[in-house]
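Below you'll find the structure, written out as structure tokens, and then a few comments.
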There are 2 protein chains.
Amino acid sequence: MGESIGIRERARGALRGELADVALRLFEERGYDETPVDDIASTAGISPRTFYRYFGTKEEVLFGDLPPTSGDLPALLQDHLTRLGPWESLHQTLRHVAENIRTERGRWSRLLRVVNTSDSLRAGHLEQQMNLAQSLIPTLAPAIQGQAAWRDLRARVLVYTALTCFDTAFSHWAEHEGDIEMLEALDIAFATVPNADSAQS
Amino acid sequence: MGESIGIRERARGALRGELADVALRLFEERGYDETPVDDIASTAGISPRTFYRYFGTKEEVLFGDLPPTSGDLPALLQDHLTRLGPWESLHQTLRHVAENIRTERGRWSRLLRVVNTSDSLRAGHLEQQMNLAQSLIPTLAPAIQGQAAWRDLRARVLVYTALTCFDTAFSHWAEHEGDIEMLEALDIAFATVPNADSAQS
DNA sequence: TCGGTTCTGGCAGACTCTGCCACGATAGTC
DNA sequence: GACTATCGTGGCAGAGTCTGCCAGAACCGA
């Protein structure tokens, strides 16, 4: 048993990538809901049964192979919290994600366009956000001041709000591609919240 | 052709209500994903095919007959905006919803418990929130100050954030049923946002 | 009571996803 | 180079949601 990565694993990885490519292309052409798994499989020259050995669900073929924009966000947040307040820490943490996205803007634009063709996909995307939120809340909670009884509620509000800012900025940027900078939109979104009732620049 | 509501429509309404009751009961006992539509139908003494004539989807049997907590929220928001700032207007608008919920707390608790048994349901619920947000954004946007180019982005952020506050307070209240007041949780959540970086009481 | 509308149930089908099993290819071993 | 064990693959059957279609039953107004 050698330590080398077997030829089979490489083949597997290659096929996985090809499936993701084929699927994304078909989704762009016909829409997500209008593209059955059977079509993806036959276009790629495999059986539908095999497709489900590479991707557990049809959604996973879209979201499964995303470039790692996130990294260890809880750790990153933790680090910022040693220097900054809760909100600014969330801001800087998500700026980091935004910077990573910018390096592959083309791919992300295609993805977002596909996601917007389907209600079920939007819902699935939100589900992912919630998982991310669950991982950030325990990290943020200790940094919240005030009564302990409300600490958890506050932490949840702030984390969800931060992710909302990110999502909104992301969509806005995707809609005005080229015209604005993702980071600028993100900063605007984050600046809006603490000034919620005046909402000036 | 009389103006009266035909006996058939009343029968239809009654059956619809019975289906919703049966479904909610079964969901509580076994969980949402573990309760096929066939079981709901047979328990209610109808065919599965007929079930789908009363509710377009399985989800609709849960969410379709909610008591109207919302009313005309855009109009309500519009009204508050004549006197208050954007954030406080959103706050008061959602306070109104929270008050309505309180009058039927039992029903809502049951619902939330069922929703938490299933991932797919949570996602569906978020989808509804987004629809509500879409209706509030155009109302809020004109009240936002600052550069026009960013007005839409800001409005989206604020509306989504407000709904997030509502949702978080709602969940928190449901988890601590009896211990806290829904309105108090809501106020705390809304107060957290403008003080995002100090987060004091 | 009659004629037309409406509701119902059953059938077949699409689509996602999951077990199961047999077949073939591959990898490591002798 | 042949042998065996492991792995990937494809086909089959099935659950579950949801839709179109059609024939029969129930209902309403005249």
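Chain letters run A, B, ... following the sequence lines, proteins first and then strands; every chain starts at 1.
Minimum atom distance to the side chain of B/T50 is reached by C/dT8, of the listed D/dG16, C/dT8, C/dT16. Among the nucleotides D/dT17, D/dG10, C/dT16, the one closest to the side chain of A/R49 is D/dG10. Checked against C/dG9, D/dC18, C/dC15, the side chain of A/P36 finds its nearest nucleotide in C/dC15. With D/dG16, D/dT19, D/dC21 as the choices, the nucleotide that has an atom nearest any side-chain atom of B/R53 turns out to be D/dC21. Comparing atom distances between the A/Y52 side chain and each of C/dG9, D/dT17, C/dT16 picks out C/dT16 as nearest. Among the nucleotides D/dG11, C/dC17, D/dG8, the one closest to any side-chain atom of A/S47 is D/dG11.
Classification of the B/W173-B/F170 ring pair by plane angle, with boundaries at 30° and 60°, yields parallel.
Separating the CZ atom of A/F27 from the P atom of C/dT16 is a distance of 9 Å, rounded to the nearest angstrom. We find that CG of B/L19 is positioned 14 Å from C1' of C/dC7, with the value rounded to whole Å. Summarising the geometry, the separation between CD1 on B/I40 and C1' on D/dT17 is reported as 11 Å, rounded to the nearest angstrom. In this structure, the CD atom of B/E34 is 14 Å from the P atom of C/dT18, given to the nearest Å. In this structure, A/L26 places its CG atom 14 Å from P of C/dC15, rounding to the nearest Å. Put simply, CG on A/D33 is 15 Å from C1' on D/dT19, counting in whole angstrom units. Separating the CZ atom of B/F55 from the P atom of C/dC7 is a distance of 15 Å, rounded to the nearest angstrom. For the pair A/F51 CZ and C/dT18 P, the computed distance is 11 Å after rounding to whole Å.
Residue B/Y54 is the one, among B/Y54 and A/D38, whose nearest nucleotide of DNA chain C lies closer to the 5' end (criterion: closest heavy atom).
Salt-bridge formation is detected for the pair A/R102/A/E181: a Lys NZ or Arg NE/NH1/NH2 atom is positioned less than 4.0 Å from an Asp or Glu carboxylate oxygen. A/R156 and A/D152 are joined by a salt bridge, as a carboxylate oxygen and a charged side-chain nitrogen come within less than 4.0 angstrom of each other.
A side-chain N or O of A/S47 and one of A/T50 form a donor-acceptor pair less than 3.5 Å apart.
Counting any heavy atom pair closer than 4.0 Å across all strands shown, B/S120 reaches no nucleic acid atom.
Screening A/T35, A/T117, A/D39 for a side chain to side chain donor-acceptor pair (under 3.5 Å) involving A/R30 leaves a single residue, A/D39.
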